[in-house]
Amino acid sequence: MSDAVFDRVALDYDREFTATPLARMLRAQVWARLAAHFGSGDHVLELNCGTGEDAIWLAQRGVRVMATDASTAMLNVTERKSRECSVSELIETSVLDLASPPDPLSRNQKGDFGRGGGRYDGALSNFGGLNCVHELHPLAALLADTIKPHGQLILVPMNRWCAWEIVWHLLHLQSRTAFRRLRRDGVEANVGRDTVHVWYPSIKTLRQVFAPHFQLRRVIGLGVCLPPSYLEPVIAKRPKLFRWLKRMDDALCGVFPFNRLADHLVLEFERVA
Ligand SMILES: C[S@@+](CC[C@H](N)C(=O)[O-])C[C@H]1O[C@@H](n2cnc3c(N)ncnc32)[C@H](O)[C@@H]1O
């Protein structure tokens with residue numbers, strides 16, 4: 001169970017990922033997109049919120065957040081941090097497993113996500129939570145039911161085609177690893193000392209899963225020129241190279257086809273009326 005695996009890494013997650021220069025830089029790019037869509041008074045549903053970095057950032061800008069995750073240990077960290085940052089009155093937390101979300105047609109399920117009526121101005125899933133789920137149609141149905149017309153759905157999955165990963169592993173004669181993201185039945189990914197099974201859906205697949213209620217409006221690449229986080233040590237000790245790659249990243253993140261070759265994608269969907 002991936003929630004048990006993420007429970008075990010919850011206390012170390014911020015030190016080992018959130019606080020790294022690469023993750024901070026990538027998250028800043030996501031925040032720029034959140035700032036473009038959400039503002040004070042909005043109510044946002046956050047999926048796979050982890051340790052609450054994005055929920056707290058939104059709440060500090062006056063956005064109310066329903067922060068959800070399958071891991072209760074992650075939610076505990078989110079609650080503690082939101083109290084420390086004095087935004088706990090704007091952040092509610094709840095367990096929500098994206099692999100088995102409540103059916104919006106059933107009113108007997110626990111949880112308040114499927115009560116319909118489009119209560120949220122938008123939803124967010126940052127940094128790969130979606131990749132932990134194979135069948136995304138039930139989640140798409142729930143989001144269609146809960147997001148208001150013209151609301152924004154910001155998804156940040158790990159991308160199927162990551163140029164850095166392919167080139168790096170081909171140069172190291174590891175062709176199987178270079179193309180591991182293309183396997184239809186998914187792969188095992190390391191999380192702490194454990195592994196979780198992950199899938200890498202294409203943009204086309206995600207567009208189809210979220211249609212007809214959501215339309216894809218924009219694709220931004222996160223980490224077009226910068227490496228995936230597990231290869232960060234390659235550039236961590238070369239600050240000049242890091243800065244140069246970051247500038248290249250900023251220039252190319254919205255440009256086709258480079259935006260489609262990044263480690264992560266920011267997919268901006270709109271709930272159509
Ligand atoms: C890489 S972390 C990203 C956390 C956070 N969004 C961030 O930006 O730092 C992935 C998160 O997805 C959550 N997750 C994994 N599988 C899930 C599932 N089936 N349902 C809900 N959350 C899940 C994990 O508990 C973890 O918090």
Side-chain angles (χ1 to χ4, degrees), residues 1-34 44-59 65-82 91 93-102 109-111 113-114 122-140 142-143 146 153-159 186-192 194-201 209 222-223 228-230 232 263-267:
M1 289 289 287
S2 68
D3 48 347
V5 171
F6 283 102
D7 276 350
R8 284 193 280 279
V9 297
L11 291 178
D12 296 327
Y13 182 82
D14 282 343
R15 184 169 40 80
E16 294 190 355
F17 176 70
T18 311
T20 62
L22 182 60
R24 287 155 84 105
M25 212 205 66
L26 298 176
R27 197 181 292 279
Q29 279 179 267
V30 177
W31 285 350
R33 298 314 304 155
L34 297 184
V44 168
L45 171 63
E46 185 176 6
L47 312 171
N48 57 267
C49 68
T51 57
E53 282 293 296
D54 299 325
I56 290 166
W57 187 88
L58 285 166
V65 184
M66 167 60 88
T68 70
D69 201 284
S71 155
T72 47
M74 288 285 189
L75 291 173
N76 290 341
V77 177
T78 296
E79 285 168 9
R80 176 178 51 74
K81 284 167 61 180
S82 61
I91 299 179
T93 59
S94 185
V95 172
L96 174 61
D97 183 352
L98 306 183
S100 55
Q109 308 240 7
K110 74 176 178 145
F113 310 102
L124 159 72
S125 164
N126 199 3
F127 288 146
L130 285 189
N131 298 81
C132 300
V133 181
H134 191 209
E135 175 50 64
L136 288 166
H137 284 96
L139 176 65
L142 175 71
L143 293 173
T146 52
L153 171 61
I154 313 291
L155 304 179
V156 187
M158 292 182 281
N159 189 13
V187 288
E188 294 297 311
N190 295 327
V191 174
D194 302 293
T195 60
V196 291
H197 206 82
V198 292
W199 294 264
Y200 295 88
V209 165
L222 277 193
S229 54
Y230 70 94
E232 188 181 21
D263 178 37
H264 283 78
L265 300 168
V266 181
L267 302 177

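Please read all numbers here as calculations on a predicted model, not as lab measurements. Note that ligands are numbered from 1 as they come in the structure, with each ligand's atoms numbered from 1 the same way.
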Participant: Mind checking what makes salt bridge (charged side-chain N to carboxylate O under 4.0 Å, His left out) contact with D7, not counting sequence neighbours?
Facilitator: none
Participant: Side chains of T18 and E53: do they bring a donor and an acceptor to under 3.5 Å?
Facilitator: no
Participant: Side chains of C49 and L75: closer than 4.5 Å at any heavy-atom pair?
Facilitator: yes
Participant: Quick one: ring pair (Phe, Tyr, Trp, His ring centres under 6.0 Å) partners of F127, sequence neighbours excluded?
Facilitator: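 For F127 the ring pair (Phe, Tyr, Trp, His ring centres under 6.0 Å) partners, ignoring immediate neighbours, are F17, H264.
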Participant: Which protein residues come within less than 4.0 angstrom of ligand 1, counting heavy atoms only?
Facilitator: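 Ligand 1 is contacted, at a heavy-atom distance under 4.0 Å, by S2, F6, Y13, R27, N48, C49, G50, D54, D69, A70, S71, M74, L96, D97, L98, A99, N126, F127, G129, C132, V133.
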Participant: Indicate yes or no for a side-chain donor-acceptor contact from N48 to the backbone of A70 under 3.5 Å, with no hydrogens or angles considered.
Facilitator: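 No.
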Participant: Between side-chain atoms of residues 22-29 and protein atoms elsewhere (two or more places apart, or another chain), which donor-acceptor pairs fall under 3.5 Å?
Facilitator:
residue : atom : partner : partner atom : Å
R27     : NH1  : D54     : OD1          : 3.0
R27     : NH1  : D54     : OD2          : 3.1

